[in-house]
Amino acid sequence: MTDIDLLTVERGMVIAPAGCGKTQLIVEALRRNNSDKPVLVLTHTNAGVAALRQRLAKEKLPAGGYKLATIDGWALRLVSTFPERSGYDGGANPKKPNYLKIRKAAWGLLKANHITDVLKASYSHILVDEYQDCSHNQHAILFYAAKHLPCCVLADQMQAIFGFGNDPLADWDKHVSKHFPKISELDEPWRWKNAGNEELGQWLLSVRKTLLVGGEVDLDTAPKSVKWVELDGDDDHSKLVAAARCAHKNKGETSLVIGDSMSASSRYKVAKSVPGIVAVEPVDLKDLTAFAGNLDLFDGYSVGETLDFAESLITNIGSDGIQKRMKSIKNGKSRTEPSDLELLALEVENAPTFSGLARILSCCSAQSGSRCYRPGVLRASLRALSLVQSNPDLSFIDAAVQVREESRAVGRQLPLAAIGSTLLLKGLEADHVVVLNADKLDGRNLYVAMTRGAKTITVCSKNSLLKP
């Protein structure tokens, strides 16, 4: 661990490559805080805040020594506390926050020096994690805040894979490194050293330098812990599934599979075929909100729609087959005894309730030979159905949105095996990582993907020479 103390930095940046002890550096800085005011620690997502809070609690740091928040959450608190000075009139708890408006109001408030005394009275320092993910307006917030308080940011431009639509990422050269000059760069691959695999960590640091200048990655020169699976067009799906199984991992070890960022369906297709693997879901839970928004409890289709939904989450459902069987049973033409699921579906179709739909989903999940590979969506769905059943004034879509917002604030718990995209798995780590279709990744996404695994990396690609 570098001996730099983040709290001695007036305004600057620590370059923090993946797995090089960035979080521990934050922990040590907060441990040294002897001010009577807390350090403000900011990051980008609620899940990131939850993960940091868990780590700091594990280290038994006094909660009074720091304040954790997302940049947007802190900005909203500022502008809603000073609505007249900031010109923001959206309130402290808007149902649909206009984050671009909030960000602009926040940096305008800071730029005008309206709350300088408040800031200095509230915090001793500002630390910002994952700074490479700052949008233009988020960067403006920290740029002006740093005029009033010591501010150190931690960043790695090779991990800047997020985008903000109408608020693009801050330009690294023109804004980030200019306004927060580099003061140090972490260079100890602690993730891999701790796993007894420093050779892989050093290789990944060299890969990072190569990718930074637009170079190629030659897997033929990689350490033995990097495995290459050649995709030649001959039943590539079976090869991807075999790789995703990660058969070389030991019992109790974890694995992450990095799939196509642009095709959730392709990731789900692999997840269906790999026993025990779980799909990591986007925080917007759009499949749940689409299901909730389209469902009408009394239009005669709610049971069929629920079975279709279950089929998108659980293996071996066969929604069409169940619905055909239901018609056959109702018409007295069935030659076999109805299953428990078929009987339940008929019961709910005759007297539809939200709790009945929840029972159908639970029954689908509990069927012999079935496996839920998207448990996050299933749990959220059951929670939303329970909420709307117990509160007649709440619509199903409103209940789904409420559950979605609750889930945003909870950090992801890593199962033994998970599949997702670089965006969904960034910040997570495992013993093993499998990168599917690595040829499709640009340099930054390739680096983020490969650095998730501490013990082995499996790369599936057409060529062993990767040209991002």
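This chain uses plain numbering: 1 for the first residue, then up along the sequence.
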Undergrad: Just so I know, are the side chains of N437 and L240 near enough to count as touching, which here means a heavy-atom distance under 4.5 Å?
TA: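 They are in side-chain contact.
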Undergrad: Show the nearest heavy-atom pair for residues L385 and V388, with the distance to one decimal.
TA: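 In terms of heavy atoms, the two residues are closest at O-CG1, 3.3 Å.
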Undergrad: With a 4.5 Å heavy-atom cut-off, do S261 and K440 have their side chains touching?
TA: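 Result no, sub-4.5 Å side-chain heavy-atom pair not found.
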Undergrad: With distance as the sole test, does H44 use its side chain to make a donor-acceptor pair with the main-chain N or O of E130 at under 3.5 Å?
TA: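 Yes, H44 side chain to E130 backbone: donor-acceptor pair under 3.5 Å.
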Undergrad: For the residue pair S395 / D398, report whether a side-chain donor-acceptor contact shorter than 3.5 Å exists.
TA: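 Result is yes, a qualifying pair exists.
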Undergrad: Of all the heavy-atom pairs spanning E185 and P17, show the shortest one and how long it is.
TA: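 Smallest interatomic distance, heavy atoms only, reads OE2-CG, 4.3 Å.
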Undergrad: Looking at R374 and E281, what are the two nearest heavy atoms and their distance?
TA: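 The pair with the smallest heavy-atom distance is NE-OE2, 2.7 Å.
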Undergrad: Examine the side chains of E305 and N294 and answer whether a donor and an acceptor come within less than 3.5 Å of each other.
TA: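 Distance-only check fails for E305 and N294.
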Undergrad: Give the ring-plane orientation class for H175 versus H139, where under 30° counts as parallel, over 60° as perpendicular and anything between as tilted.
TA: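 H175 vs H139 ring planes: tilted.
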Undergrad: Considering all heavy atoms of both residues, which atom of I457 and which atom of M450 are nearest to each other, and what is their separation?
TA: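 Heavy atoms only, the tightest pair is CD1-O, 3.3 Å.
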Undergrad: Suppose we screen for side-chain hydrogen bond (donor to acceptor under 3.5 Å, both in side chains). Which residues come up paired with S355, at least two apart in sequence or across chains?
TA: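 T353.
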Undergrad: For residues Y373 and L313, determine if any side-chain heavy atom of one lies less than 4.5 Å from a side-chain heavy atom of the other.
TA: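 Heavy-atom side-chain distance check fails, nothing below 4.5 Å.
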Undergrad: With distance as the sole test, does D133 use its side chain to make a donor-acceptor pair with the main-chain N or O of A160 at under 3.5 Å?
TA: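 A pair under 3.5 Å: no.
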Undergrad: Apply side chain to side chain donor-acceptor pair (under 3.5 Å) to S255 and K249, showing your working.
TA: CA-CA 8 Å; S255 61; K249 76 176 185 179; 3.0 Å; yes
Undergrad: Apply salt bridge (Lys or Arg N to Asp or Glu O under 4.0 Å) to the pair R452 and D431, showing each step before the final yes or no.
TA: CA-CA 8 Å; R452 300 308 94 202; D431 297 307; over 6 Å; no
Undergrad: Hey, does the side chain of S365 reach the backbone of L361 with a donor-acceptor pair shorter than 3.5 angstrom?
TA: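 No, the answer is negative, given that no donor and acceptor are paired below the 3.5 Å cut-off.
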Undergrad: May I ask you to decide whether R208 forms a salt bridge with D187, counting only side-chain N to carboxylate O separations under 4.0 Å?
TA: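 Not counted as a salt bridge, because no side-chain N and carboxylate O are separated by less than 4.0 Å.
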Undergrad: Test of understanding: with side-chain hydrogen bond (donor to acceptor under 3.5 Å, both in side chains), list the residues that count as partners of Y447, not counting sequence neighbours.
TA: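 Partners of Y447 by the side-chain hydrogen bond (donor to acceptor under 3.5 Å, both in side chains) criterion come out as none, since no residue qualifies.
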Undergrad: More than 12 non-hydrogen atoms from neighbouring residues, nucleotides or ligands closer than 6.0 Å to CD on E59, yes or no?
TA: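 It does: E59 CD has more than 12 such atoms within range.
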Undergrad: Is the CG atom of D299 crowded by more than 12 outside heavy atoms at less than 6.0 Å?
TA: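 More than 12 within 6.0 Å, yes.
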Undergrad: Does D129 reach the main-chain N or O of T43 with its side chain, forming a donor-acceptor pair under 3.5 Å?
TA: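 The answer is no, because no donor-acceptor pair under 3.5 Å joins these two groups.
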Undergrad: Given 3.5 Å as the limit, does a donor-acceptor pair link the side chain of R191 with the main chain of A430, or not?
TA: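 No: the side chain of R191 does not pair with the backbone of A430.
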Undergrad: Would you find a donor on one side and an acceptor on the other, under 3.5 Å apart, between the side chain of K22 and the backbone of I15?
TA: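 No.
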Undergrad: Would you check if the side chain of T289 reaches a backbone N or O of K286 as a donor-acceptor pair within less than 3.5 Å?
TA: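 Side chain of T289 to backbone of K286: a pair is present.
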Undergrad: What I'd like to find out is whether the side chain of V39 reaches to under 4.5 Å of the side chain of I126, using heavy atoms alone.
TA: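 V39 does not reach I126 side chain to side chain.
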Undergrad: How close do L357 and S302 get, counting heavy atoms only, and between which atoms?
TA: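 Looks like CD2-O, 4.0 Å.
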Undergrad: Would the number of heavy atoms belonging to other residues, nucleotides or ligands and lying under 6.0 Å from OH of Y301 be above 12?
TA: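 Counting neighbours around OH of Y301, 12 or fewer heavy atoms of other residues, nucleotides or ligands fall under 6.0 Å, so no.
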Undergrad: Checking T422 against N445 for the side chain to side chain donor-acceptor pair (under 3.5 Å) test, could you report, in this order, the C-alpha distance in whole Å, the side-chain angles of both residues, the deciding distance, and whether it holds?
TA: CA-CA 6 Å; T422 48; N445 280 278; 2.5 Å; yes
Undergrad: Regarding R103 and D167, does a basic nitrogen lie under 4.0 Å from an acidic carboxylate oxygen?
TA: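 Yes, charged N to carboxylate O under 4.0 Å.
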Undergrad: So, do L25 and L6 sit near enough that their side-chain heavy atoms are less than 4.5 Å apart?
TA: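 Yes - at least one pair of side-chain heavy atoms lies under 4.5 Å apart.
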Undergrad: Quick one: ring-ring contact (aromatic ring centres under 6.0 Å, His included) partners of H432, sequence neighbours excluded?
TA: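 Partners of H432 by the ring-ring contact (aromatic ring centres under 6.0 Å, His included) criterion, ordered by chain and then number, come out as H248.
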Undergrad: Please state whether the rings of F309 and F291 are parallel, tilted or perpendicular, taking 30° and 60° as the class boundaries.
TA: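 Ring orientation, 0 to 90° scale: parallel.
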Undergrad: To check you understand the geometry: which heavy-atom pair defines the closest contact between W74 and A145, and what is its length?
TA: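 Answer, listing the atom of W74 first, then A145: CH2-CB, 4.3 Å.
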Undergrad: Are any non-hydrogen side-chain atoms of V14 and C152 less than 4.5 angstrom apart?
TA: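 Of all side-chain heavy-atom pairs linking C152 with V14, at least one is under 4.5 Å.
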Undergrad: Below 4.5 Å, heavy atoms only, C-beta onward: do P468 and L211 meet side chain to side chain?
TA: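 In short, these two side chains touch, coming nearer than 4.5 Å.
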Undergrad: Mark yes or no for whether T81, through its side chain, and R77, through its backbone, hold a donor-acceptor pair below 3.5 Å.
TA: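 Flag set: sc T81 to bb R77 pair under 3.5 Å.
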Undergrad: Tell me whether K193 forms a cation-pi arrangement with W190, defined as NZ or CZ under 6.0 Å from the six-membered ring centre and within 45 degrees of its axis.
TA: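 Relative to the ring axis of W190, which defines the angle, K193 lies inside both limits.
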Undergrad: Got a sec: does the NZ of K37 have more than 12 other heavy atoms crowding it under 6.0 Å?
TA: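 For K37, atom NZ is crowded (more than 12 foreign heavy atoms under 6.0 Å).
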Undergrad: Does R359 offer a backbone N or O that forms a donor-acceptor pair with the side chain of S362 under 3.5 Å?
TA: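 The answer is no, because no donor-acceptor pair under 3.5 Å joins these two groups.
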Undergrad: I want to check something: taking the side chain as every heavy atom from C-beta on, are L387 and V403 in contact at a cut-off of under 4.5 Å?
TA: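 Of all side-chain heavy-atom pairs linking V403 with L387, at least one is under 4.5 Å.
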Undergrad: Check whether R444 reaches the backbone of Q157 with its side chain - one donor and one acceptor, N or O, closer than 3.5 Å.
TA: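 Yes: the side chain of R444 pairs with the backbone of Q157.
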